[in-house]
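Since we're looking at a predicted model, the values are computed, not measured.
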Amino acid sequence: MKEREVEAKRLVGKKNVRGKTYEYEYYTLPLNLYLPKSMVEKFGTKYMLQVDEDSGTITIKPKSSH
C-alpha cells in the first residue's frame with residue numbers, strides 16, 4: 001500500500017448558459033479525484049491518500065494535526 005500527503009487544489013470553472021456566464025469552484029486531488037466543497041471547508045486542504053494496488057482501492061483521509 002502506498003501512502004502520501006496531498007493538497008487539494010481550488011479550481012474555478014465557467015459555464016455559459018443561454019448567454020449568461022456562471023462561475024463555480026471545485027477542489028481536486030492528484031489522480032483527478034474531486035472533493036466536495038463542504039469536505040474542504042470542514043477538514044481543510046491537506047489529506048492522506050492511500051492507494052492499495054492489490055485490491056484497487058483508494059482511500060482519502062483528512063490529515064489530522066497532532
Separation between [atom1] of [X] and [atom2] of [Y], rounded to the nearest 0.5 Å:
X	Y	atom1	atom2	answer
Thr45	Leu35	OG1	CG	10.0 Å
Ile58	Glu53	CD1	CD	10.0 Å
Asp52	Met1	CG	CE	4.5 Å
Leu29	Ile60	CG	CD1	5.0 Å

For the pair Tyr27 and Lys37, evaluate side-chain contact (heavy atoms from CB on, under 4.5 Å) and give the outcome as yes or no after the intermediate values.
CA-CA 7 Å; Tyr27 295 87; Lys37 184 178 175 182; 4.0 Å; yes
Check against side-chain contact (heavy atoms from CB on, under 4.5 Å), Glu5 and Met48:
CA-CA 5 Å; Glu5 184 179 330; Met48 291 304 293; 3.9 Å; yes
Do Tyr24 and Leu33 share a hydrophobic cluster, counting only Ile, Leu, Val, Met, Phe, Trp and Tyr and linking them when any side-chain heavy atoms are less than 4.5 Å apart?
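Tyr24 and Leu33: separate clusters.
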Looking only at heavy atoms, which two atoms of Tyr47 and Pro62 are closest? And how far apart?
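Closest approach of Tyr47 to Pro62, heavy atoms only: CD2-CA, 3.5 Å.
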Under 3.5 Å, which donor-acceptor pairs do the side chains of residues 6-18 form with other protein atoms, sequence neighbours left out?
unit_1 : atom_1 : unit_2 : atom_2 : d
Arg10  : NE     : Glu25  : OE1    : 2.8
Arg10  : NH2    : Glu25  : OE1    : 2.8
Asn16  : OD1    : Thr21  : OG1    : 2.6

